[in-house]
Amino acid sequence: MIAFGPVPSRRLGRSLGINNIPPKICTYSCVYCQLGNTLRMRVEREAFYAPEQILQDVQNKIEKVKETGETIDYLTFVPDGEPTLDVNLGRAIDLLKPLGIKIAVITNSSLIWQEAVRRDLLKADWVSLKMDAVRQEVWRKVNRPHGKLELTAILDGALEFARTFKGELATETMLVAGVNDHDDDIRAVADFVARLSPATAYLSIPTRPPAEAWVHSPAEPVINRAYQIFSERLEAHGQPPAVEYLIGYEGNAFAFTGDVEQDILSITSVHPMREDAVSDFLTRAGADWSVIHGLIAQEQMIELQYGDKKFYMRKLRGG
Ligand code: SF4
């Protein structure tokens, strides 16, 4: 099945997934990959499914979704592998465009040094670039790239793409404990991400069983620190510090339910809240700090110190 879903996604609303790569063909073999180790590593682009077949599959799926009265916000290329390995990606996007639904591509960025790949991605409305590391040794450790790939070319390609892309650009940085979560590495990635000027820089952690059993999420203080460093670096580059977590809770900081506990948990699953912001929120909701103390006691929330400020964030499962 090429088209699947739609699945609810905080980033993309109701997203109909497009699996344009047979499992699991990738340019990377990330230590945290939820699809397991990459058995078929490739760097040459190939033709997999005919773009007409992709269109047909997506159209069939849309018809079925319509019958149930559901809606679709995005058609998202998010295959069991790297979507830009598909030499027909651009043609598939061209065929899907007339359906009138926005198109998203979630790529690991590894082939973005190729002009043809950038050309294909420019056709999309929303693109997410994976940016886990900007230093050779860390990149090799976390993404375990195909031997023919070069990091500097990838970073240059990403900058070139970001300069010309008219749609909404996002970045995603997966933090793995002991691999790319050192402050220096986070700072280096944050500085690079800032140069890309993404609409949102997402920080994620492994929440599903990873390819390597030793892979773990960093602890909350590190994740909070990463958030603060990214925010500072984006701001220093003159950008809004639009940093959000993807930590396994589909929180939505913008949809309030009126239930103070739930709303605080939703917000803090998207980003940590500073003490004064929590105070303001509680006051506006007519509640007091007992709500927060209760959530901390239930181990749903955690209090953290960064610089001279206190922050509150969602406690990670098993963290
Ligand atoms: S880029 Fe994505 S599909 Fe490829 S190995 Fe990494 S996590 Fe898995």
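Numbering of ligands and ligand atoms starts at 1, following listing order.
Minimum interatomic distance between Leu151 and Arg135 (heavy atoms only, all atoms of both residues): CD2-C, 3.7 Å.
Of all protein N, O or S atoms, those under 2.8 Å from atom 6 (Fe) of ligand 1 number 1.
In summary, the side chains of Gln53 and Asp57 do not present any donor paired with an acceptor at a separation below 3.5 Å, with no hydrogens or angles considered. Between the side chains of Asn180 and Asp132, no donor-acceptor pair is found at a separation under 3.5 Å.
For the side-chain contact (heavy atoms from CB on, under 4.5 Å) test, residues two or more places apart in sequence or in another chain that qualify with Asn37 are Ser29, Arg144, Ala211, Glu212. Every salt bridge (charged side-chain N to carboxylate O under 4.0 Å, His left out) that Arg233 has, sequence neighbours left out, goes to Asp191. Residues that satisfy the ring pair (Phe, Tyr, Trp, His ring centres under 6.0 Å) test with Phe161, not counting sequence neighbours, are Phe165.
The closest approach between Lys24 and ligand 1 falls below 4.0 Å for a heavy atom of the residue.
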